[in-house]
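Remember, it's 1-based here, ligands and their atoms both numbered in the order they're listed. Because only heavy atoms are used, hydrogens play no part in the values below, and waters and symmetry mates are left out as well, while side chains stay in. In this text the structure is predicted, and so the values were computed from the model without any measurement.
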Amino acid sequence: MTQSQSATPERETTSTGEDSDNVLSVRDITVGFGSKIILQDLDLDVRRGEVLGFVGGSGTGKSVLMRTILGLTPRRTGKISVFGHDLSTATAKERTAIERRWGVLFQQGALFSSLSVKQNIQVPMREHLKLSPQLMDELATLKLELVGLPQDAADKLPSELSGGMIKRASLARALALDPDLVFLDEPTSGLDPIGAAAFDSLIANLSSTLGLTVYMVTHDLDSLHSICDRIAVLGKKRVLAIGTMDDMMKNDDPWIKSYFRGERALRRA
Ligand SMILES: Nc1ncnc2c1ncn2[C@@H]1O[C@H](COP(=O)(O)OP(=O)(O)OP(=O)(O)O)[C@@H](O)[C@H]1O
Ligand SMILES: [Mg+2]
């Protein structure tokens, strides 16, 4: 959850002089495939230490936006700054340093199927750090513990895990480098409500104890209510609204109204 936002660690001070309360700033981005425009002139700020929930109808571009921020999908216009660095002007070295500080849990293909859980968790370590095999094993053990997986999961292949265990193992990999920012694309989809609630409290704990900033795409109303400091709604190719759950409950946009105050939403109350 949101930490005191007044304290700005020294390493966050940026040469660009940007607002350091925001770990991520997206300005005027447009993304399309062929003649199909998915996102247009989209703006978004993510504040340091917050859990931001990202919602929107299926196919509105939530995953595309996340992949665009990560540099995996090209954008036509606009600017993306992470930790105060403009990604389009960052040098290769700066880019690597930024990537070292974020972790990602993708909606699909969360884990490499031919690697064990331990090897999956160690992928970012191999990519970014020069560590001995023994130290990497120790770190993987710690990450498994952090996400509540038994140690005997370490040598299992993803195909031998339950859906909930795959989500946890993917989170362990996203946390491998002790990131400042994590991107989670529907981390609780497919989990039973108890598993999803446990996953939510894990994320909330990490956020409050480690000061982690969480960017979480979700359809899970329970997650939005219980752990998100703010919610952003994607619609009409842009961020239609951003604010607290209270703000969402007061919003009169038809989609937002039916999402947060529709029959399904009210049934959970
Ligand atoms: N590589 C691609 N090439 C062409 N079209 C794409 C590509 N990736 C995504 N799209 C299209 O962009 C749109 C947005 O897709 P996206 O995966 O971001 O939706 P989403 O909001 O994440 O939906 P969901 O909630 O179902 O995950 C869809 O119409 C999709 O078909
Ligand atoms: Mg998606």
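Below 4.0 Å from some heavy atom of Gly57 lie the following atoms of ligand 1, by number and element: 21 (O). Near His219, meaning under 4.0 Å from one of its heavy atoms, ligand 1 places the atoms 25 (O). For ligand 1, the atoms closer than 4.0 angstrom to any heavy atom of Lys36 are 29 (O). When each atom of ligand 1 is checked for a heavy atom of Gln107 under 4.0 Å away, the hits are 27 (O). Every atom of ligand 1 is numbered from 1 in the order shown, and the set under 4.0 Å from a heavy atom of Gly61 is 14 (C), 16 (P), 18 (O), 19 (O), 20 (P), 21 (O).
Nearest protein heavy-atom neighbour of atom 25 (O) of ligand 1: Lys62 NZ, 2.7 Å. Among all non-hydrogen protein atoms, the one lying nearest atom 8 (N) of ligand 1 is Phe33 CZ, 3.5 Å. Remark: minimum distance from atom 26 (O) of ligand 1 to any protein heavy atom is reached at Ser58 OG, 2.5 Å.
A salt bridge is defined here as a Lys NZ or Arg NE, NH1 or NH2 lying under 4.0 Å from an Asp or Glu carboxylate O, and Asp45 with Arg27 meets this definition. For Asp252 and Arg261, the salt-bridge test passes: some basic side-chain N is under 4.0 Å from an acidic carboxylate O. Taking the charged nitrogens against the carboxylate oxygens, Lys143 and Asp178 do have a contact shorter than 4.0 Å, which makes a salt bridge. Comment: Asp185 does not engage Lys62 in a salt bridge, judged by the lack of any side-chain N to carboxylate O separation of less than 4.0 angstrom.
Between Ser189, Ser63, Gly59, it is Gly59 that holds the heavy atom closest to atom 23 (O) of ligand 1. When the heavy-atom distances from atom 9 (C) of ligand 1 to Val64, Thr68, Ile38 are ranked, the shortest goes to Val64.
The closest approach between Glu186 and ligand 1 falls below 4.0 Å for a heavy atom of the residue. In this structure, Arg67 has no heavy atom closer than 4.0 Å to ligand 1.
Distance remark: protein heavy atom present below 4.0 angstrom from atom 13 (C) of ligand 1.
For a distance bound of 2.8 Å, the N, O or S atoms of Ser58 include none lying that close to the Mg ion (ligand 2). Here Met66 fails the criterion, with no N, O or S atom under 2.8 Å of the Mg ion (ligand 2).
A donor-acceptor contact under 3.5 angstrom links the side chains of Ser223 and Asp200, judged on distance only.
Here the straight-line distance linking atom OG of Ser162 with atom CG of Asp192 works out to 9.0 Å at 0.5 Å rounding. Atom CD of Gln151 is separated from atom CD of Glu145 by 6.0 Å, given to the nearest 0.5 angstrom. Note that the CG atom of Leu111 and the CE atom of Met165 stand 11.5 Å from one another [nearest 0.5 Å].
Aromatic ring orientation, Tyr215 versus Phe183: tilted (interplanar angle from 30° to 60°).
Among all heavy-atom pairs drawn from Val46 and Thr213, the shortest one is CG1-CG2, 3.7 Å.
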